[in-house]
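These notes concern the structure reproduced below.
In the text below, chain A, chain B and the rest are named by the order of the sequence lines, each starting its count at 1. Predicted model only: the values in this text are computed from it and were never measured.
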Protein chains: 2
Amino acid sequence: MEARHLRYAIALAEHGHFGRAAASLGIAQPPLSKQIADLEREVGARLFDRTRQGVFPTAAGEAFLARARRALDEIAAAAVDAGRAARGETGRLRLGFIASALLDPLPGVLSRFGRERPGVRLELHEMATSRSGSALVAGELDVAFTLGPPRGAGTERLVSVPVGRDHVIAVVHTAHPYAGQQSVSADQLRRQPLIVSAGEDEPAVVAGLRTLLGPDSPALGGATVARDVHTIIGLAASGVGVGLGPSRMRAVPRPGVRFCDVTPRTPLPDLVLSFAARDRSPVLRAFLDTVRRNCPDVGAALDDRLRHHR
Amino acid sequence: MEARHLRYAIALAEHGHFGRAAASLGIAQPPLSKQIADLEREVGARLFDRTRQGVFPTAAGEAFLARARRALDEIAAAAVDAGRAARGETGRLRLGFIASALLDPLPGVLSRFGRERPGVRLELHEMATSRSGSALVAGELDVAFTLGPPRGAGTERLVSVPVGRDHVIAVVHTAHPYAGQQSVSADQLRRQPLIVSAGEDEPAVVAGLRTLLGPDSPALGGATVARDVHTIIGLAASGVGVGLGPSRMRAVPRPGVRFCDVTPRTPLPDLVLSFAARDRSPVLRAFLDTVRRNCPDVGAALDDRLRHHR
DNA sequence: ACCGGCGATATCTTCGAGGTATCGCAGCAG
DNA sequence: CTGCTGCGATACCTCGAAGATATCGCCGGT
């Protein structure tokens with residue numbers, strides 16, 4: 001049985017007349033008669049009563065037509081849904097990210113993307129860079145914000161684009177002596193109790209601080225360790241010491257604290273956007289586009305990587 | 001787009017391999033490639049990713065396949081439903097009947113039919129014979145139990161079969177002097193307060209009583225009038241008088257009353273089963289069959305009428 | 001009894017589904 | 001680096017069935 005048979009049966013039921021139904025279908029009357037006859041033979045039941053007053057569905061015909069209409073609706077919807085999915089209007093985007101990405105690029109990117117693609121279901125997974133990398137390779141994620149490009153098996157199939165430069169900054173209580181300063185020096189930091197991150201950013205931030213304060217600095221060894229940047233800022237606000245973290249901390253202004261540059265400027269690994277190079281999914285493309293428009297300096301780099309990977 | 005395209009896409013998604021999917025469909029690989037390509041062109045979206053590891057649906061493909069599966073399910077269900085309806089296993093039967101039919105043939109017929117055809121929805125409409133007749137002609141009913149064959153415009157297109165003979169009987173309170181009698185005479189009736197029907201059976205019953213008691217009998221003129229037979233029996237049970245009604249009253253035995261024949265035996269119009277002569281609906285056929293098996297003496301008459309009307 | 005409208009049937013045409021042969025391409029072993 | 005291999009795409013042909021044209025048979029109305 002083909003969709004044609006359903007369309008013909010429905011047209012015949014609507015017109016109640018073989019000739020007019022055939023005309024509405026753009027075919028001649030005899031082929032319609034034959035198709036209906038074939039259909040009735042295949043179903044094994046008479047579907048229409050041919051009377052002088054017109055052609056009317058039998059009880060079996062009514063039952064058949066109800067299902068046929070739904071079938072054709074499903075077929076039409078299949079094409080529409082596929083088109084929407086292909087245009088990236090519907091679908092799913094599984095996004096991995098390190099906690100600190102929640103500070104700066106994510107709020108803007110996600111609200112914008114949610115507004116532009118209301119039909120896309122977002123799945124957000126906070127995870128470490130290495131897990132994002134393997135999840136991308138395994139096809140369990142579509143994109144990820146990571147700290148530096150992910151390393152490990154299969155990551156050569158990923159495209160990674162720096163989204164923003166990052167460096168160490170300090171956060172202090174408003175009443176702290178450094179609060180008025182534009183920047184804080186390494187010497188000043190060595191004389192203070194410090195608060196550093198033990199979260200995802202830890203290895204990178206700690207490595208940066210090590211170069212800043214000198215290896216085996218006692219100030220670093222005795223530092224308070226916090227799980228994430230919000231805790232660092234909270235502890236600094238309560239006067240426990242000087243918080244040190246990524247410059248993206250500035251994105252969460254909070255009464256009671258001041259942010260200061262640290263001299264010498266100590267770079268941290270870039271925040272990076274990663275995705276599978278082969279992934280041509282329109283939802284991903286739309287997301288990349290949103291990121292591009294939200295993070296001005298990303299555009300060129302992204303285009304370059306995309307061109308490079310065919 | 002044809003059902004074929006849906007079947008092919010689903011097979012391809014299941015096998016993840018053009019060659020094997022084609023084999024499972026009983027066709028060669030190139031036609032499958034072409035059909036899928038045609039489908040993708042018509043939908044306007046790539047539905048499958050061809051990789052070295054296999055063929056996988058894209059996001060658009062997943063959306064399409066979900067609908068396609070439902071569409072094919074509907075098509076299969078259409079054939080099944082039509083078959084069921086054609087065999088009379090499902091459907092609807094609109095049955096008109098006069099109130100007194102509820103006494104005798106209906107309880108047995110309906111319970112048997114409901115057991116044999118659980119999928120058929122019964123619509124029961126109590127109505128006068130004349131309304132049943134016009135409703136049958138207008139196609140608003142499928143069958144009806146009427147008092148005598150329906151008369152009026154279009155009723156020549158109906159088939160009417162007598163289902164049972166009927167005559168006047170009397171119903172009296174257990175303590176009534178007539179209660180012990182086998183039968184009651186017209187003379188005896190003229191000396192008693194009577195209870196007669198004003199419902200559907202009225203003209204026929206009243207006409208019967210008129211011939212029984214004589215025209216303009218004061219006993220008839222002064223009779224208590226009840227809307228239906230249950231009321232007649234109830235009033236007789238409470239000693240108001242002697243109830244007169246169709247012999248089918250016997251089918252509702254009730255403590256406190258006795259039924260007596262009336263002499264001379266006074267016939268009433270037959271209870272008749274009517275339906276449209278052209279109606280070939282399997283549900284109707286099944287119903288007629290049930291009636292035939294429930295009312296032994298109907299069989300021959302029914303077969304005769306059916307033969308007569310082609 | 002004749003006529004007209006409608007669905008079914010008969011016969012032919014044509015388009016496209018499906019078959020066969022072959023190509024192009026990417027991964028892989030040597 | 002280079003054949004080798006497996007797979008999907010392409011090219012071309014075949015044939016069956018959808019559709020067109022012509023005609024028939026049937027019933028209902030004048």
Whole angstrom value for the distance that separates P of C/dG4 from NE2 of A/His17: 16 Å
Pair B/Phe48 and B/Phe56, ring centroids less than 6.0 Å apart: no
Touch class at under 4.0 angstrom, heavy-atom based, for A/Gly54 against every strand present: nothing
Touch class at under 4.0 angstrom, heavy-atom based, for A/Phe48 against every strand present: nothing
Position toward the 5' end of DNA chain D (nearest nucleotide), A/Arg52 or A/Gly26: A/Gly26
Residue-phosphate contact under 4.0 Å: A/Ser33 side-chain N/O, C/dG7 OP1/OP2: no
Separation of atom CZ in A/Arg157 from atom P in C/dG27, rounded to whole Å: 7 Å
Phosphate contact (D/dA18 OP1 or OP2) by A/Arg4 side-chain N/O below 4.0 Å: yes
Positive for side chain to side chain donor-acceptor pair (under 3.5 Å) with B/Gln35, one of B/His5, B/Glu2, B/Arg7, B/Glu40: B/His5
Neighbour count above 12 (heavy atom, 6.0 Å) for B/Arg131 CZ: no
Separation of C/dG27 P from B/Gln53 CD (nearest whole Å): 8 Å
Distance test, side-chain N/O of A/Arg50 to OP1/OP2 of C/dC6, below 4.0 Å: no
B/Asp38 vs B/Pro30, nearer the 5' end of DNA chain C by closest nucleotide: B/Asp38
Presence of B/Gln35 side-chain N/O under 4.0 Å of C/dA17 phosphate oxygens OP1/OP2: yes
Value in whole Å for how far the C1' atom of D/dG8 lies from OH of B/Tyr8: 17 Å
Presence of salt bridge, B/Glu116 and B/Arg293, under 4.0 angstrom: yes
A/Lys34 NZ - C/dC12 C1' separation (whole Å): 14 Å
Separation of atom CG in A/Leu32 from atom C1' in D/dA18, rounded to whole Å: 12 Å
Selected nucleotide, minimal atom distance to A/Phe18 side chain, candidates D/dA9, C/dG18, C/dG7: C/dG7
Full working for side chain to side chain donor-acceptor pair (under 3.5 Å) between B/Ser160 and B/Ser274: CA-CA 4 Å; B/Ser160 296; B/Ser274 294; 2.9 Å; yes
Distance, rounded to the nearest Å, where B/Glu2 contributes CD and C/dG16 contributes P: 12 Å
Nearest-Å distance for atom pair CD/P, residues B/Gln29 and D/dT10: 11 Å
B/Ile27 side-chain proximity, nearest of C/dG18, C/dC6, C/dA8: C/dG18
